[in-house]
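One structure is given below, represented as C-alpha cells, and several questions about it will come after.
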Amino acid sequence: MPPSDFDALEAHGTSVSRQVKMVLMGAGEAGKSSTLRGMKHGEPRPVTADERTVQLDIWLLTLAGVIISAWDFAGQPQYAAGQQQYLVA
C-alpha cells in the first residue's frame, strides 16, 4: 500500500491536526441544528421551535477522535448579512 499523506507528514516531523471548523448555513428550519444535535448524541434529536438558533450557535463536538468546531448560523433572512463573508470563494 502506498504511503498516505499522513505518513509523509509524520516522516518530516510535523504534527497532524485533528481539529476542523464546520460552518452550517441554509434556510430557516432546514435541519442544521437538528443535524448537529444528532451528531452530538449519535441519534436523531430534532430541535423544537423554542430551541431554534438565534443568529449563531457554536457547538464543540468530538467524533472519531476529531474535534469539530461547528458554527450553526440561523437561516432567517434578517441574519443573512452576517453570513456573507462565508459565502465568498
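This is a predicted model, so every value here is computed, not measured.
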Set of side-chain contact (heavy atoms from CB on, under 4.5 Å) partners for Gln19, sequence neighbours left out: Ser17, Ile67
Pairs where residues 34-44 contributes a residue and the test salt bridge (Lys or Arg N to Asp or Glu O under 4.0 Å) is met, not counting sequence neighbours: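 Residue pairs passing salt bridge (Lys or Arg N to Asp or Glu O under 4.0 Å), neighbours aside: Arg37-Glu51, Glu43-Arg45.
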Linked, directly or transitively: Met25 and Trp71 (ILVMFWY side chains, under 4.5 Å): yes
Linked, directly or transitively: Phe73 and Met22 (ILVMFWY side chains, under 4.5 Å): no
Closest approach of Leu36 to Ala70 (non-hydrogen atoms, all atoms of both residues): CD2-CB, 3.6 Å
Heavy-atom pair of closest approach, residues Ala74 and Gln76: CB-OE1, 3.2 Å
Same apolar cluster: Val20 and Val23, side chain cutoff 4.5 Å: no
Do any side-chain atoms of residues 55-62 form donor-acceptor pairs under 3.5 angstrom with protein atoms, and if so which ones, sequence neighbours left out?
residue: Asp57; atom: OD2; partner: Thr53; partner atom: OG1; Å: 3.3

Arg18: partners by salt bridge (Lys or Arg N to Asp or Glu O under 4.0 Å), with sequence neighbours left out: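 Partners of Arg18 under the salt bridge (Lys or Arg N to Asp or Glu O under 4.0 Å) test: none.
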Closest non-hydrogen atom pair, Pro46 against Ser34: CA-OG, 3.4 Å
Salt bridge (Lys or Arg N to Asp or Glu O under 4.0 Å) partners of residues 19-31, not counting sequence neighbours, each pair once: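 Every pair satisfying salt bridge (Lys or Arg N to Asp or Glu O under 4.0 Å) with a residue in residues 19-31: Glu29-Arg52.
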His41 atom NE2, over 12 foreign heavy atoms within 6.0 Å: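 Yes, because the 6.0 Å sphere around NE2 of His41 holds more than 12 heavy atoms from other groups.
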